[in-house]
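Since this is a predicted model, take the numbers as computed values, not measurements.
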Amino acid sequence: MGADTVLVLPFEQVARADVARVGGKNASLGEMVQNLGQRGVPVPPGFATTADAYRRYIEANGLEAIVSAALDDLAAGKAQLADVGRSIREAIVGGEWPDDTATAIRAAYQALCTRLGRDDIDVAVRSSATAEDLPDASFAGQQESYLNIRGEAALLDACRRCYASLFTDRAISYRQAKGFDHLKVALSVGVQQMVRSDRAGSGVMFSIDTETGFDRVVLINAAWGLGEMVVQGAVDPDEYEVFKPFLDTPNLVPIIEKKLGAKARKMIYGDIDGPPTRIVPTSRQEQASFVLTDAEIMALGRWAAIIEEHYGCPMDMEWAKDGESGDLFIVQARPETVQSRIGSGALKSYTIKSKGSVLSTGLAIGDAVVSGRVCLIESPRDIDQFVDGSVLVTMATDPDWVPIMKRAAAIVTDHGGRTSHAAIVSRELGLPAIVGAGDATQVLHGEQVVTVSCAEGDQGFVYEGRADYETQMIDTADLPTTHTKIMLNLANPAAALRWWRLPAEGVGLARMEFVVNNHVKVHPMALVRYDDLKDEAAKRTIADLTAGYADKTDYFVDRLSRGLSRIAAAFHPKPVIVRMSDFKTNEYANLVGGAQFEPKEENPMLGFRGASRYYSARYRLGFDLECRAIRRLRETMGFRNVLVMIPFCRSVAEACKVLQVMAENGLERGRDGLEIYVMCEIPSNVILAEDFAEHFDGFSIGSNDLTQLTLGVDRDSAELAELFDEQDEAVKWMIDRVIVAAHRADAKVGICGEAPSNHPEFAQYLVARNIDSISVSPDSFVAVKRAVAAAEAAERSPSPRA
């Protein structure tokens with residue numbers, strides 16, 4: 001190497017085109033320092049040793065021959081991977097620094113100290129391989145990082161250990177699998193001012209939803225202390241999601257997800273005389289508190305969007321908050337390598353038909369279902385005990401686990417979030433995984449047959465035994481266009497983002513009661529009348545659920561609006577019609593604290609349900625909370641595509657009462673584009689359709705209830721099952737009548753029952769009657785879309801001559 005060889009470069013002199021000089025990680029840091037600081041994205045200052053510095057070190061210590069010989073022995077089967085890796089690393093760590101390289105590193109460190117006005121500043125020392133973070137290969141986590149490094153001697157030692165980590169067992173295996181030449185990959189070391197996140201928090205974020213590939217959200221994980229705990233999956237972090245299109249709209253706070261993680265441990269600075277970092281338990285207050293404020297979540301979301309825009313691809317980023325200054329920083333950014341490469345033409349849908357009892361739950365990674373035998377492994381040292389095709393169950397994974405993970409059918413870990421090592425590698429390998437289960441290693445045992453399901457939303461389930469499930473390929477490529485709008489029926493916010501690629505015209509029915517039942521869990525009146533609640537057990541449960549809310553009713557509004565926002569985000573700007581709560585009294589009574597506020601009815605199906613509740617003194621204050629949630633969803637979060645539907649509205653007079661209550665809660669029909677629909681599920685809705693149309697923007701035919709009440713048949717009665725027919729001529733007469741009346745009144749009309757999904761001929765009938773929209777379950781969408789297209793083509797074709 002020549003005397004003018006550059007051995008160290010400040011980040012200001014590095015750009016993303018310099019991967020060959022400083023590796024992917026450092027090239028990206030330099031790119032952000034040069035281009036994004038002026039756009040408000042803060043990156044801590046630092047410098048990078050170059051690939052030439054690494055090669056000079058290897059050459060000066062005669063290490064190339066040692067490395068080459070050891071790898072030749074491995075390739076020839078003369079030595080084991082563990083022995084080869086260890087011998088190479090020991091040889092590198094035992095080397096001496098060339099004088100010019102050591103001098104350059106010391107000078108750069110002293111310049112950084114001078115710039116920051118402190119002696120022997122603490123720095124993070126991170127490896128940056130010249131082949132890492134490429135769009136088609138992720139080397140994340142394979143080389144080592146060292147935190148809280150102080151002084152020249154400690155810095156030089158950490159750099160030497162980074163060089164050695166280029167030859168960890170996992171790195172050698174990965175390069176072999178990807179076809180990289182070991183000796184052509186060099187290592188740069190990034191030296192960066194430490195962010196004192198040991199006194200605050202840190203984490204990882206993606207500019208894409210990591211499970212579904214939905215590209216309009218930023219996913220953020222956060223934990224207390226230094227970020228290694230989140231990256232390694234050694235802690236269950238908070239999880240936040242932000243809707244990117246609204247990030248720059250003043251006064252909007254589009255945070256569509258906020259989940260509190262357990263955060264049981266954190267990594268902080270070590271004692272002066274001991275290791276540089278140590279892991280300690282978190283306090284109860286830390287465990288019960290979110291790491292980030294809403295303003296900080298929004299700031300990180302904006303930075304993620306700026307970084308993604310600059311790089312032109314979805315990004316995987318690490319952030320940290322300084323506990324001394326309170327400032328947030330971006331400390332790493334790399335291309336996301338899994339979801340961004342998945343094609344958009346086909347979706348695979350899994351449906352569980354029957355299943356055993358739930359053994360464990362956690363965060364679902366992927367969307368598949370797998371059955372197999374459990375193989376419980378405590379350490380990668382026990383790799384020989386793993387049985388190929390088993391369900392790997394362990395506490396947490398790090399890169400040492402990759403050889404085992406490649407051989408697994410599914411993975412279950414006690415700890416970790418969506419950005420943990422287990423989650424990232426499982427996605428890259430295409431494996432279903434459940435992370436952060438908490439108790440999997442305690443409740444599952446070796447040889448036990450289980451089913452791992454990640455197909456039921458963002459919560460994953462481990463079921464006992466082999467579940468009965470079916471797999472369906474949903475091909476969205478080359479779907480025909482239709483004049484009739486094909487929309488979706490959705491209830492589960494956790495699963496909503498799975499269907500964003502379907503070319504649906506929006507959501508014709510979003511069931512509020514599902515969100516209340518699964519995300520809120522508490523009867524709204526038990527929050528309004530909490531002090532009067534007689535059930536002490538329910539009171540304790542509510543106190544736990546509403547911890548952190550000064551006003552317990554805010555819990556209902558917050559949880560409900562966030563749950564619905566995921567559905568609204570998935571299909572924005574297309575309409576999402578939210579049906580206000582349609583529980584029966586027995587179902588309301590099953591909510592926490594609900595029994596005290598519900599009457600006992602002989603026939604809840606025809607009792608105190610739907611519109612009649614909303615203006616009643618018995619429930620009016622609970623309905624106010626529902627309205628507040630919708631208003632928050634539209635005005636604070638920005639989802640003006642959310643429309644409202646009133647169920648089981650028996651009379652026009654009742655409609656007027658409900659609309660008045662809504663207006664008093666700020667939900668006035670026509671204001672800011674708010675449309676209000678009514679369910680058409682009672683004969684009176686059909687008979688007086690034109691009168692109802694004066695008060696609503698449209699009708700949604702609920703074919704189940706309409707059939708039940710038209711034919712006088714209990715839809716749940718096994719004895720009368722043969723009589724329950726949505727295609728009965730009397731039911732069709734009802735549908736004909738309301739479609740004609742709606743169009744005469746210039747109102748919209750659709751149907752949201754299951755009949756079009758189950759019976760293609762019924763979809764054809766609806767097209768012939770010029771219905772405006774048909775809402776179906778997602779797994780029926782393609783079939784109904786094709787059936788409707790065929791029906792529309794038949795309607796346009798001229799009749800054959802006699």
Side-chain angles (χ1 to χ4, degrees), residues 25 29 42-46 116 118 120-128 140-151 154-155 158 161-162 165 189-205 220-240 261-283 285-287 289-292 296 300 316-334 396-399 415-424 436:
K25 190 178 286 112
L29 285 170
V43 178
L116 297 172
R118 300 204 311 268
D120 287 349
I121 64 162
D122 44 325
V123 292
V125 182
R126 294 189 171 93
S127 304
S128 180
Q142 289 189 12
Q143 280 75 53
E144 299 297 339
S145 294
Y146 300 96
L147 306 178
N148 187 23
I149 302 299
R150 293 172 180 272
L155 173 58
R161 284 183 285 157
C162 284
S165 72
V189 178
V191 180
Q192 188 176 34
Q193 177 195 5
M194 277 291 295
V195 177
R196 291 305 304 267
S197 58
D198 61 307
R199 298 181 177 178
S202 54
V204 177
M205 64 179 176
I220 304 171
N221 276 185
W224 300 111
L226 301 172
E228 294 300 299
M229 298 290 283
V230 177
V231 175
Q232 294 170 6
V235 67
D236 305 324
D238 293 345
E239 182 172 303
Y240 319 110
K263 308 182 296 291
R265 301 183 299 164
K266 64 178 179 178
M267 181 181 287
I268 62 173
Y269 278 19
D271 297 328
I272 294 177
D273 297 329
T277 61
R278 60 193 178 101
I279 297 172
V280 299
T282 50
S283 67
Q285 182 177 354
E286 287 174 320
Q287 293 170 23
S289 302
F290 286 111
V291 173
L292 294 173
E296 290 168 338
L300 287 173
D316 167 0
M317 296 146 283
E318 294 180 28
W319 62 270
K321 179 180 178 179
D322 193 299
E324 295 179 345
S325 67
D327 295 332
L328 289 166
F329 295 90
I330 299 296
V331 295
Q332 281 192 45
R334 62 179 72 86
T397 70
D398 61 31
H415 304 298
R418 296 190 190 283
T419 57
S420 65
H421 176 270
I424 291 172

Heavy-atom closest contact (R265 atom, A234 atom, distance) | NH2-O, 3.2 Å

Which atom names give the shortest non-hydrogen contact between G270 and N148, and what distance separates them?
-> N-ND2, 4.2 Å

Rounded to the nearest 0.5 Å, what's the gap from CD on E318 to OG on S197? Could you check?
-> 10.5 Å

What pair of heavy atoms forms the shortest contact from F329 to D322, and how long is it?
-> CE1-CB, 4.2 Å

Is L147 close to M194 at the side-chain level, that is, under 4.5 Å between some pair of heavy atoms?
-> yes

When you look at CD of Q285, are more than 12 heavy atoms from neighbouring residues, nucleotides or ligands closer to it than 6.0 Å?
-> no

Value rounded to 0.5 Å, distance of CD in E296 from OH in Y240 | 8.5 Å

Might you point out which heavy atoms bring I330 and P44 nearest each other, and give the distance in Å?
-> O-CD, 3.3 Å

Does any donor atom in the side chain of T282 or Q287 lie under 3.5 Å from an acceptor atom in the other side chain?
-> yes

Is any side-chain heavy atom of L328 closer than 4.5 Å to a side-chain heavy atom of L300?
-> yes

Please name the pair of heavy atoms, one in V291 and one in D238, separated by the smallest distance, quoted to 0.1 Å.
-> N-OD2, 2.8 Å

Minimum side-chain heavy-atom gap S289-W224 below 4.5 Å = yes

Any side-chain heavy-atom pair of Y146 and P276 under 4.5 Å | no

Taking every heavy atom of L29 against every heavy atom of V331, the minimum-distance pair comes out as CD2-O, 3.1 Å

R199 side, atom CZ; L226 side, atom CG - distance, nearest 0.5 Å = 11.0 Å

Side chains of Q192 and V43 in contact at under 4.5 Å (non-hydrogen atoms) = yes

Got a salt bridge between R334 and D316, using NZ or NE/NH1/NH2 to carboxylate O under 4.0 Å?
-> yes

Can you tell me how far the CZ atom of R161 sits from the CD1 atom of I149, to the nearest 0.5 Å?
-> 6.0 Å

Cation-aromatic face contact R196/Y269, 6.0 Å, 45 degrees | yes

Side chain proximity check, W319 to I220, heavy atoms < 4.5 angstrom | yes

Any side-chain heavy atom of Q332 sitting closer than 4.5 Å to one from K25?
-> yes

With rounding to the nearest 0.5 Å, note down the distance linking CD1 in I279 to NZ in K266.
-> 12.5 Å

N221: what forms a side chain to side chain contact (heavy atoms under 4.5 Å, CB included) with it, not counting sequence neighbours?
-> L219, V230, P237, E239, R418, T419

Report the C-alpha separation of V235 and H415 in whole Å, then their side-chain angles, then the decisive distance to 0.1 Å, and conclude whether the side chain to side chain contact (heavy atoms under 4.5 Å, CB included) test is met.
-> CA-CA 6 Å; V235 67; H415 304 298; over 6 Å; no

Between E286 and K263, does at least one N-O distance fall below 4.0 Å, as a salt bridge requires?
-> no

